[in-house]
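Here is how names work: the chains are called A, B, and so on, in the same order as the sequence lines, proteins then strands, and each is numbered from 1. Because the structure is predicted, anything quoted here is derived from the model rather than measured.
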Amino acid sequence: MLQTLFLRENKATVIEGLKKRGGLDVSERVADLLMLDEKRRQTQQELDTLLARSNEIAREVGNLFKAGKAAEANELKAESAQIKDHAKTLEEQMEAAENEIRNILFTIPNVPNERIQFGNGPDDNETVETHGSTPTLPASALPHWELARKYDLIDFELGVKVTGAGFPFYKGKGAQLQRALISYFLTRANQAGYTEYQAPLLVNADSGFGTGQLPDKEGQMYFAPEDGLYLIPTAEVPITNIFRDVILKAEQLPVKACGYTPCFRREAGSYGKDVRGLNRLHQFDKVEIVQIAHPDQSYSLLEEMRAHVTGLLKELQLPYRVLRLCGGDMGFASAFTYDMEVFSAAQEKWLEVSSTSNFEAFQANRLKLRFREGDAKPKLAHTLNGSALALPRIVAALLENNQTPDGIIIPEVLVPFTGFSIIQ
RNA sequence: GGUGAGGUGGGUGAGAGGCUGAAACCAACAGUUUGCUAAACUGUCGUACGGGAAACUGUACCGCGGGUUCGAAUCCCGCCCUCACCGCCA
């Protein structure tokens, strides 16, 4: 959520910047909002004056009663009654204006950073880095869902029986490979200075609101109505919300946190396309890295996070590319996003395995996540997060790219975690 | 699930209709003292939204929402949450 004050002072920049999101035009909404804001401030001034008078009367009445001048006190009471009526009207107006302002703010996405290009969608993203060569597989090569069956690693049908589509069982070496990847990712995040958390998998509405899943994208989350709790779609939600309503000291920045969680996504409406095998699931595992940063540092830290993620991909010896998303393909809250994709050789497809973003102050504004320098007024911090990494598509690429007539070769860095070097 | 207690500033915790944005203590920060550290002493020490060039100043906020009253942290009603004990259980 953008700040009203920021909007007031940077109206033109905001409107221009948002056009990069596929030509989005917010000029009308912003104009409405600023008008409401103007009205809100006027109303507040009026109301404050009124309440100040009311407080004054209350004090006088008290003094008069003490002095035994009941008659004079009763006169003042009459004035107070009038003020009260008027104040109530003004309060209602204030509240109405505030609500309208908030409702408009909810519809305005974050302003893309100046380095972000105009674009309408995925086709306009720029590749900023590629690494590794795509392996050429023999004609007999299999897609990962067939390899998973051949080596008895993943059972999709069993998942359907027990839960439903998109909830696979991992089995034997398949399950062990999952555990190894999680452990490897966490170990590397720890080494990079991220404090590990094991977070709740259900969160309350305040948290969903804090990171921006609510009020808009509630259809994406599983919901337990009895308890009013949401299953997390990513560890970003519980981990970032640790810092909701927190004022940090500037010296504490950057705060680096990480965590492994299963992620639950309803993926409503995405059936039928690219959903085979591990490509898109309702439940999947992911290690997430999060940073809370000083605004001056957030972009250098974003590069650090990108290097962390690509470092993992290099170690896993997966061919990858890094995309800088264009305005039209970026998430609602993001100001700058890198997507990391690995090449899945049998499907001959690039699969997104990480999305690493700087939200600048957009999320922090909702979270009321601030920092203080010296004894200055608190300022909003910047938040960043990235997958490091999401498992299923990594597994898909590993299985496909590393298949040999003898079996599936486990990358060397993983062997200490799996305890085996080949799946046969 | 049952019963009871309670939600006040970074923490502990007082306040029980006006003098309370809130005592005291702890923590934190700045300074004095000191060969250094510590101790001691002094001072500062909530947030938001307004007004103001600034100094400063107005309003709101004591879990949340209503109500009573000239006046509510304090009284009344509803809700939420936390804790303790019992029951059940990983």
Side-chain angles (χ1 to χ4, degrees), chain A residues 1-9 33-105 198 200-210 214-215 223-230 238 241-253 255 262 292 361 364-381:
Chain A
M1 186 162 72
L2 295 172
Q3 295 171 90
T4 312
L5 183 65
F6 179 81
L7 226 37
R8 214 191 285 163
E9 286 169 356
L33 187 146
L34 291 179
M35 237 172 58
L36 285 160
D37 180 51
E38 181 64 34
K39 191 181 145 201
R40 193 206 90 231
R41 276 180 294 154
Q42 276 173 18
T43 313
Q44 184 181 345
Q45 277 180 50
E46 220 178 312
L47 179 62
D48 282 357
T49 320
L50 212 56
L51 292 175
R53 174 63 189 149
S54 170
N55 287 337
E56 198 185 325
I57 291 173
R59 248 174 282 131
E60 281 175 35
V61 170
N63 289 334
L64 288 171
F65 271 126
K66 243 179 254 172
K69 301 176 182 166
E72 286 177 51
N74 284 325
E75 271 175 50
L76 279 173
K77 281 192 196 178
E79 184 183 346
S80 189
Q82 277 180 6
I83 288 179
K84 215 170 153 184
D85 273 0
H86 192 184
K88 191 158 194 170
T89 320
L90 290 175
E91 258 164 31
E92 278 161 12
Q93 283 175 21
M94 276 272 284
E95 206 176 318
E98 273 163 10
N99 281 336
E100 280 184 77
I101 288 169
R102 201 169 321 121
N103 286 338
I104 294 174
L105 283 176
Q198 204 167 71
L201 306 182
L202 289 101
V203 294
N204 58 31
D206 281 348
S207 295
F209 180 81
L214 300 175
F223 180 54
E226 286 276 292
D227 303 285
L229 297 174
Y230 297 84
N241 272 285
I242 293 169
F243 304 97
R244 170 153 49 84
D245 292 319
V246 166
I247 301 176
L248 296 159
K249 287 186 199 141
E251 308 87 79
Q252 293 176 272
L253 301 174
V255 173
I292 319 272
N365 188 33
R366 284 197 174 196
L367 292 160
K368 298 280 165 279
L369 197 189
R370 292 164 292 172
F371 72 98
R372 191 199 302 275
E373 267 170 325
D375 52 6
K377 269 189 68 164
K379 288 199 301 198
L380 293 176

Between [M] and [N], how far apart are the [atom1] atoms? Round to whole Å, please.
| N | M | atom1 | value |
| --- | --- | --- | --- |
| rG52(B) | rU33(B) | C1' | 41 Å |
| rG13(B) | rC26(B) | P | 16 Å |
| rC86(B) | rU12(B) | C1' | 29 Å |
| rA48(B) | rG10(B) | P | 12 Å |
| rA72(B) | rC76(B) | C1' | 11 Å |
| rU74(B) | rG6(B) | P | 16 Å |
| rG63(B) | rA5(B) | C1' | 16 Å |
| rC62(B) | rG4(B) | P | 28 Å |

Write down the partner of [N] under the Watson-Crick or G-U wobble criteria, each distance required to be under 3.5 Å.
| N | result |
| --- | --- |
| rC61(B) | rG46(B) |
| rC41(B) | rG31(B) |
| rC70(B) | rG18(B) |
| rC89(B) | none |
| rA24(B) | rU12(B) |
| rA53(B) | none |
| rC81(B) | rG6(B) |

May I ask you to evaluate whether [X] reaches the phosphate of [N], defined as a side-chain N or O under 4.0 Å from OP1 or OP2?
| X | N | result |
| --- | --- | --- |
| Arg8(A) | rG50(B) | yes |
| Arg370(A) | rA48(B) | yes |
| Arg40(A) | rG50(B) | yes |

Tell me the closest heavy-atom pair linking [X] and [Y], and the distance in Å.
| X | Y | result |
| --- | --- | --- |
| Gly210(A) | Arg366(A) | O-CB, 3.6 Å |
| Leu248(A) | Ile292(A) | CD1-CG2, 3.9 Å |
| Pro200(A) | Pro238(A) | O-CG, 3.7 Å |
| Ala87(A) | Leu50(A) | N-CD2, 3.6 Å |

First encountered from the 5' end of RNA chain B, between Leu5(A) and Ile247(A)
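Residue closer to the 5' terminus by nearest nucleotide: Ile247(A).
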Please tell me which of Lys249(A) and Ala376(A) maps to the more 5' nucleotide of RNA chain B, matching each residue to the nucleotide holding its nearest heavy atom.
Lys249(A)
What integer distance in Å separates [X]:[atom1] from [N]:[atom2]?
| X | N | atom1 | atom2 | value |
| --- | --- | --- | --- | --- |
| Leu36(A) | rC49(B) | CG | P | 18 Å |
| Leu380(A) | rU47(B) | CG | C1' | 13 Å |
| Glu91(A) | rA60(B) | CD | P | 9 Å |
| Gln252(A) | rG10(B) | CD | P | 14 Å |
| Leu47(A) | rG58(B) | CG | P | 16 Å |
| Ile83(A) | rC70(B) | CD1 | P | 13 Å |
| Glu98(A) | rG50(B) | CD | C1' | 11 Å |
| Arg102(A) | rC49(B) | CZ | C1' | 13 Å |

Any side-chain heavy atom of [X] within less than 4.5 Å of one from [Y]?
| X | Y | value |
| --- | --- | --- |
| Phe371(A) | Gln252(A) | no |
| Leu90(A) | His86(A) | yes |
| Lys39(A) | Thr43(A) | yes |
| Val255(A) | Phe243(A) | yes |
| Arg40(A) | Asp37(A) | yes |

Just wondering, more than 12 heavy atoms not from Glu56(A) lying within 6.0 Å of its CD?
yes
Tell me whether Glu95(A) at atom CD has more than 12 heavy atoms from other residues, nucleotides or ligands lying less than 6.0 Å away.
no
Before accepting this row, confirm whether a basic side-chain N of the pair Glu79(A)/Arg53(A) lies closer than 4.0 Å to the acidic partner's carboxylate O.
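Counted as a salt bridge, because a side-chain N and a carboxylate O are separated by less than 4.0 Å.
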Using a strict 4.0 Å threshold on nitrogen-to-oxygen distance, state whether Lys88(A) and Glu91(A) make a salt bridge.
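No salt bridge links Lys88(A) with Glu91(A).
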Short N/O separations, protein against nucleotides 61-69 of chain B, under 3.5 angstrom:
residue	atom	partner	partner atom	Å
rG67(B)	OP1	Lys88(A)	NZ	3.4

Within residues 51-64 of chain A, find the residues that approach RNA chain B with a heavy atom at under 4.0 Å, and present them sorted by residue number.
Leu51(A), Ala52(A), Asn55(A), Ala58(A), Val61(A), Gly62(A)
Would you list the protein and nucleotides 76-81 of chain B atom pairs, both N or O, that sit under 3.5 Å from each other?
none

If I take atom CD1 from residue Ile242(A) and atom OG from residue Ser207(A), how far apart are they, to the nearest 0.5 angstrom?
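So the gap between those two atoms works out to 10.0 Å.
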Over all strands shown, is Gln44(A) touching base, sugar-phosphate only, or nothing at heavy-atom distances under 4.0 angstrom?
base
